[in-house]
Amino acid sequence: MEQVQTPLKTQLPSFSLILETENLANADLKGLSKSLATLANQDISPTCANEVLLIDSGDTPTHILEHLCEQYPWIKVHHAQLGTGYYKAKMLGAELVTGEIVVYFDSDCIYQPNWLRSILTAFTAGEDIQVVAGETMTLSQGAYGTAMALTYIFPQHSGDKTLAPTAQYFLNNVAFRREFLLSNPIPTDLPLYRGNCVIHARNLQDRGYTIWKQSQARATHAPPNGFSHFFWRFLLIGHDYYWQNRLLAKAGDETSDRNRMSSYNGKLEIFSDRVKKMWVDNPRQFIYLPLAIPIVIAALALIFTGYFITIVKPKLLLEVYNDILGD
C-alpha cells in the first residue's frame, strides 16, 4: 500500500498516537500485533506522527516489546509505574507527547486503512473542533459474535457520512486537541472499571463543548476473550452502570430515580437499534440467533447481577477483580 508522507505535514495538524498495554491483562497478546499492523497499513504513515507512544505498565513481556520495536521502529515505549491504570496511562501519554492532536487507539482494536486520515481531517473543519470521535463496533462472527454485537458496549457502525455532534466517545477511537485535553482532563480517580469517558463526555457537554463524530473513522473491537473475561467484563458493566448513574445524578433521590429510568429506557432503545441495524446491514447473522440468544441472556443476567451487587456493596466487585489480577 502506498503511504502518503511529506505532503500531509502541511495539510493536517501535527499529531501523536497513544497506545497503552493495561487492557492486555484480559486480552490476547496477539491483538497488540494485529492492532499495530493496522496502524502500519494506514494511508497516512505512522512515521508522520510526532510520536507513536506505547505506555507500558508491566502488562507486556519484555521480549514481545523488543520484537514489536524491531518490527515497527516508529514505536516509542514509555515504561510507566507498575499497575498504572487504563485512564491514567492515557492521560500520561497526553502529557508526554508533542503533537497538536492526540489520537488514541487500543491494542484490541482493528482500524480501517483510512481511519487516521478521517479522524485528523475532521480537525481542519475549524479551530473550535476540540474532540473528534470515531466509530467502534464489536467484531461479530458466528453465534458468539452475534450475541456480542447485540449486548457488548459498542454499537454497529451508523453509516453516516458527515461530521456531526454526538453525546459520547470511546477512548479506543477518539482524538483531542492536546492543550484542550490537558485543560479538560479525563477523570482518572473514579470508582469505575471502564466508563470514565462517559463522565468526561457529560462534563464537557455541561461546560458547553461539542463532541464531534466522524463516522468514517472506523474500528472493530474484539469481544471478550474466553469465559473468565466474559464473566468479569459483563459483571463490571453492571458495576459501571451503577456508578455512572450515581456520578451523573445532579441532585436528590427523585433526580436519581429519573436518571436510572432514563438509563434503562436508553439501554432498551440501544438494543432495539442494534437489532434493526443488524437486520439491514447483515441479515445473515440472524441465522445464528437461536444459538446467540442463550449467550445474550447470560450477558444481560451478569450485567443485572453486577448492578445489584454494586447497590449492596458499591466497591466489592472491582476490589475482587483487582485482587484476582494481582494474583
Side-chain angles (χ1 to χ4, degrees), residues 1-21 31-55 68-78 90 93-137 139 154 157-164 166 169-182 211-222:
M1 177 181 295
E2 183 179 358
Q3 294 180 330
V4 183
Q5 297 191 31
T6 305
L8 296 170
K9 287 290 188 177
T10 58
Q11 296 172 12
L12 296 175
S14 66
F15 65 95
S16 299
L17 292 129
I18 298 172
L19 167 70
E20 46 62 50
T21 63
L32 177 57
S33 295
K34 292 179 180 178
S35 181
L36 289 172
T38 64
L39 179 57
N41 288 328
Q42 291 294 305
D43 62 8
I44 295 179
S45 170
T47 60
C48 292
N50 285 28
E51 304 94 0
V52 178
L53 188 63
L54 177 63
I55 305 292
L68 289 173
C69 289
E70 290 177 2
Q71 187 174 5
Y72 305 113
W74 32 262
I75 293 176
K76 178 181 178 182
V77 178
H78 177 84
K90 296 287 193 183
E95 294 169 3
L96 293 172
V97 297
T98 62
E100 179 186 351
I101 306 299
V102 174
V103 185
Y104 285 114
F105 68 107
D106 272 6
S107 58
D108 46 9
C109 289
I110 301 299
Y111 298 88
Q112 291 191 358
N114 66 340
W115 165 75
L116 184 55
R117 178 189 295 278
S118 297
I119 209 165
L120 288 173
T121 300
F123 286 95
T124 66
E127 293 185 0
D128 59 327
I129 294 179
Q130 306 287 356
V131 189
V132 177
E135 285 193 350
T136 302
M137 68 176 288
L139 181 63
F154 310 104
H157 292 314
S158 67
D160 295 340
K161 302 295 183 182
T162 59
L163 195 65
T166 184
Y169 70 83
F170 297 113
L171 203 47
N172 56 45
N173 188 356
V174 67
F176 297 85
R177 292 193 190 273
R178 178 174 176 270
E179 293 304 321
F180 174 82
L181 178 59
L182 294 179
I211 301 169
W212 295 92
K213 182 175 71 172
Q214 171 51 278
S215 302
Q216 301 307 300
R218 295 181 174 182
T220 54
H221 189 286

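Predicted model only: the values in this text are computed from it and were never measured.
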**Prompt:** Are any of the side-chain heavy atoms of T98 and E51 separated by less than 4.5 Å?
**Reply:** yes
**Message:** Restricting to non-hydrogen atoms, name the atom on C109 and the atom on T38 that form the minimum distance, rounded to 0.1 Å.
**Reply:** O-OG1, 4.5 Å
**Message:** Looking at every non-hydrogen atom in both residues, tell me the closest pair between I129 and A122 and how far apart they are.
**Reply:** CD1-O, 3.4 Å
**W115 side chain near V103 side chain, heavy-atom distance below 4.5 Å** = yes
**Prompt:** How many angstroms lie between OG1 in T220 and CG in D108, if you round to the nearest 0.5 Å?
**Reply:** 10.0 Å
**Asked** Does I55 reach the side chain of L19, with side-chain heavy atoms less than 4.5 Å apart?
**Response** no
**Item:** side-chain hydrogen bond (donor to acceptor under 3.5 Å, both in side chains) partners of Y104, counting only residues at least two apart
**Value:** none
**Fill in**
Separation between CG (L120) and CD (Q11), nearest 0.5 Å, reads 12.0 Å
**Request:** Output yes when a side-chain donor or acceptor of N173 lies under 3.5 Å from a complementary backbone atom of E135, and no otherwise.
**Result:** yes
**Item:** Side-chain heavy-atom pair S16, L53 within 4.5 angstrom cut-off
**Value:** no
**Message:** With a 3.5 Å distance limit and no angle check, can you tell me whether T124 reaches the backbone of T121 through a side-chain donor-acceptor pair?
**Reply:** yes
**Fill in**
In short, Q214 meets S118 closest at the heavy-atom pair CG-O, 3.5 Å
**Asked** Within a strict 4.5 Å, meaning less than it, do heavy atoms of the L36 and F105 side chains meet?
**Response** yes
**Message:** Would you say that V132 contacts F123 through its side chain, given a criterion of any heavy-atom pair below 4.5 Å between the two side chains?
**Reply:** yes
**Asked** Between the main-chain N or O of D106 and the side-chain N or O of S35, is there a donor-acceptor pair closer than 3.5 Å?
**Response** yes
**Test item: Q42 side-chain N/O and L116 main-chain N/O as donor-acceptor pair under 3.5 Å** = yes
**Message:** Assess the residue pair R178 and E100 against the criterion (salt bridge (charged side-chain N to carboxylate O under 4.0 Å, His left out)); give the C-alpha distance rounded to whole Å, side-chain angles, the decisive distance to 0.1 Å, and a yes or no.
**Reply:** CA-CA 6 Å; R178 178 174 176 270; E100 179 186 351; over 6 Å; no
**Backbone N/O of A217 and side chain of N114: donor-acceptor pair under 3.5 Å** = no
**Asked** Are F154 and N172 close enough that some pair of their side-chain heavy atoms sits under 4.5 Å apart?
**Response** yes
**Item:** Contact summary for P13 and I101, nearest pair of heavy atoms
**Value:** CG-CG1, 3.7 Å
**Request:** Flag the pair L39 / L17 as yes when at least one side-chain heavy-atom distance between them is below 4.5 Å, and no otherwise.
**Result:** yes
**Asked** Going by an N to O cut-off under 4.0 Å, is there a salt bridge joining D128 and R177?
**Response** no
**Complete:** Heavy-atom closest pair (L68 atom, I75 atom, distance to 0.1 Å) is O-CD1, 4.1 Å
**Request:** Report the relative orientation of the aromatic rings in F180 and F176; use parallel for angles under 30°, tilted for 30 to 60°, perpendicular for over 60°.
**Result:** parallel
**Message:** Between S14 and G99 (side chain of the first, backbone of the second, donor and acceptor by atom type, cut-off under 3.5 Å), is there such a pair?
**Reply:** no
**Residue list, ring pair (Phe, Tyr, Trp, His ring centres under 6.0 Å) with Y72, at least two apart or on another chain** = W74
**Request:** Could you tell me whether a side-chain N or O of Q216 sits under 3.5 Å from a main-chain N or O of L163, the two making a donor and an acceptor?
**Result:** no
**Prompt:** Yes or no on side chain to side chain contact (heavy atoms under 4.5 Å, CB included) for V52 and K76, after CA distance, side-chain angles and deciding distance?
**Reply:** CA-CA 6 Å; V52 178; K76 178 181 178 182; over 6 Å; no
**Item:** CD on E179 to CD on Q130, rounded to 0.5 Å
**Value:** 10.5 Å
**Item:** Single hit among H157, R218, H221 for side-chain contact (heavy atoms from CB on, under 4.5 Å) with T136
**Value:** H221
